[in-house]
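These numbers come from the heavy atoms of this one structure, side chains and all, not from hydrogens, waters or symmetry mates. In the text below, chain A, chain B and the rest are named by the order of the sequence lines, each starting its count at 1.
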Amino acid sequence: MNDPAHLLIVDDLEDNRQVLGRRLARAGFAISEAIDGEAALAMTAGQSFDLVLLDWMMPGLAGIEVLARLRAAPATARLPVIIVTARAASRDVVEALDAGADDYVTKPIDFPVVLARVRTQLARKRAEDALHALNAELEQRVAARTEGLRQALAAAESASRARSAFLSAASHELRTPLNAVIGFSELIGTDDGASPTHRQYARDIHASGLRLLEMVDDILTVSRSEAQMTGAAVPVDVCTLVRRCADMMARAAKERQLSLEWTTPETIPAVLADEPALAQALRALLSNALKFNRPGGRVSVEARHEAAGLCLEVADTGVGMASEAIPNLLRPFAQVDQSLARSHEGLGLGLSVARLIAEAHGGQLKLASELGVGTRVAIVLPPERLLPRDVAIASEPAAIPA
Amino acid sequence: MPKILLVEDNELNRDMLGRRLRRAGYNVVFAVDGPAGIAEAERQMPDLILMDVMLGAMDGWEATRRLKASPDTSAIPIITLTAHAFATDREKSAALGCADFDTKPVDFARLEGKIRAALRKAAAA
């Protein structure tokens with residue numbers, strides 16, 4: 001058993017204090033007595049009690065005044081107080097409860113009732129204390145967890161900065177040797193002094209170097225954070241961009257016996273975009289369309305000016321994708337079926353690259369695919385990316401008189 | 001035959017890009033670092049400068065800044081070259097008043113397009 005609960009009896013009449021005190025002591029409580037309100041306040045300020053039995057009608061400080069002061073002091077604000085009042089005075093009871101008394105007993109004292117109410121209040125206080133303790137522990141845990149998360153966030157931010165620095169260095173270091181590979185192989189490949197065989201070797205090295213560069217760029221693109229993605233916007237002529245990208249893919253298309261065509265109406269507006277990034281995105285889509293296709297198939301690129309903005313769509317007659325596989329293909333490094341990625345050359349980053357670049361421009365990647373039929377995937381740049389002067393040119397074509 | 005000053009510290013790259021430019025019909029002169037780049041620019045008065053921004057002694061940004069600050073050389077179009085694939089370098093180039101920017105390894109056809117455009121613009125000015 002714990003220490004006995006410590007009760008303070010406040011009453012100006014000694015007889016009342018002693019009768020109640022003796023009986024409560026016999027019931028197992030530790031008892032202190034105060035002869036008036038001033039004494040009660042002095043005692044509760046000096047030590048802690050478990051409960052106060054407070055006479056309501058006292059000379060000097062009245063019960064209501066004592067109660068008000070107890071409630072006002074933080075140490076005793078929640079101390080259980082049972083007031084002792086004359087039977088008839090229901091107005092006193094209401095006043096006391098309103099002022100923060102926990103319960104009341106009436107005079108003359110019916111001791112079993114007092115005992116029951118004291119025990120009830122003590123039990124209630126214990127439960128309340130337990131709840132408070134739990135609450136405090138919870139708050140402390142929340143604070144500790146918050147601190148933990150703050151530290152984790154700081155660590156993540158620091159890691160992100162380190163990653164940026166690493167990517168910047170890696171970008172430089174990986175691309176530098178490719179300078180020589182790509183540049184010299186092009187020189188030899190176009191050198192009349194070299195034999196036709198050597199020129200062909202050099203052209204193969206050149207093509208391989210370009211592919212390696214493409215892969216390095218794709219890895220860097222998906223590894224970058226959003227903030228690092230958004231490049232400087234310059235006016236980009238969409239027709240030239242499409243033609244250049246398609247030209248670069250023409251040889252691969254021919255090797256795979258695929259037809260590659262593009263449609264770029266003269267009315268297509270120029271866009272404000274990060275030109276190398278946009279070209280990289282379009283090449284990624286074209287590369288996929290060629291890769292996941294069948295001999296005799298078709299790949300087409302179309303630039304369209306729509307209400308949603310500029311749409312660069314690549315359509316193929318290839319193997320298509322199951323709809324449940326698409327969300328995974330849009331996330332880097334998360335191909336749903338590794339065997340698919342492995343049966344086709346490349347890193348499988350194309351859709352992620354295109355999506356990240358489209359989103360970095362405030363646009364989006366739209367994708368529709370049917371297994372065994374083909375895929376249509378479009379980079380959509382928002383209207384604010386279109387250059388106004390050309391938007392006017394690209395409006396409804398004038399009707400030609402019959 | 002336009003004269004191009006190629007400022008590049010890597011010998012292999014200098015040789016390679018120089019040969020490609022010569023084959024494309026340009027008169028090419030070289031400098032291996034920032035101070036030499038500034039000296040050659042003043043001595044040779046090239047029609048255009050290709051500036052690698054990652055140089056040993058004095059980086060290409062600083063050399064570019066000084067060339068643009070000097071009345072003798074401020075009108076020479078400069079195309080900066082970097083092996084970083086990050087777009088911030090392009091913004092930096094534009095802020096310094098460069099004619100253009102490209103990434104290494106250079107896509108030669110693209111770079112030549114930029115060279116021709118910069119020369120045309122400088123001639124018109």
Minimal non-hydrogen separation, B/Pro77 against B/Ala99, with atom names: CB-CB, 3.9 Å
Can you check whether B/Ser74's main-chain N or O pairs, donor with acceptor, with B/Lys68's side chain at less than 3.5 Å? yes
Below 4.0 angstrom, N of the basic side chain to O of the carboxylate: do A/Glu214 and A/Arg211 qualify? no
Name the option with the most non-hydrogen atom pairs under 4.5 Å to chain B; the candidates are A/Leu174, A/Leu210, A/Asn179, A/Val181. A/Asn179
Under 3.5 Å, is there a donor-acceptor pair between the side chain of A/His361 and the main chain of A/Ala273? no
Applying a strict 4.5 Å limit to non-hydrogen atoms, the region of B/Asp102 in contact with chain A is neither
Do the charged groups of B/Asp52 and B/Arg14 touch, with an N to O distance under 4.0 Å? no
Cationic N near anionic O, under 4.0 Å, A/Arg244 to B/Asp107: yes
Residue part contacting chain A, namely of B/Arg19, when any heavy atom lies under 4.5 Å: both
Using heavy atoms and a sub-4.5 Å threshold, report which of residues 182-190 of chain A line up against chain B, by residue number. A/Ile182, A/Gly183, A/Phe184, A/Glu186, A/Leu187, A/Thr190
Nearest atoms (heavy-atom pairs only) where B/Phe30 meets B/Arg22: CE1-NH2, 3.5 Å
Highest number of heavy-atom pairs under 4.5 Å with chain B among A/Asp191, A/Val216, A/Thr176 belongs to A/Asp191
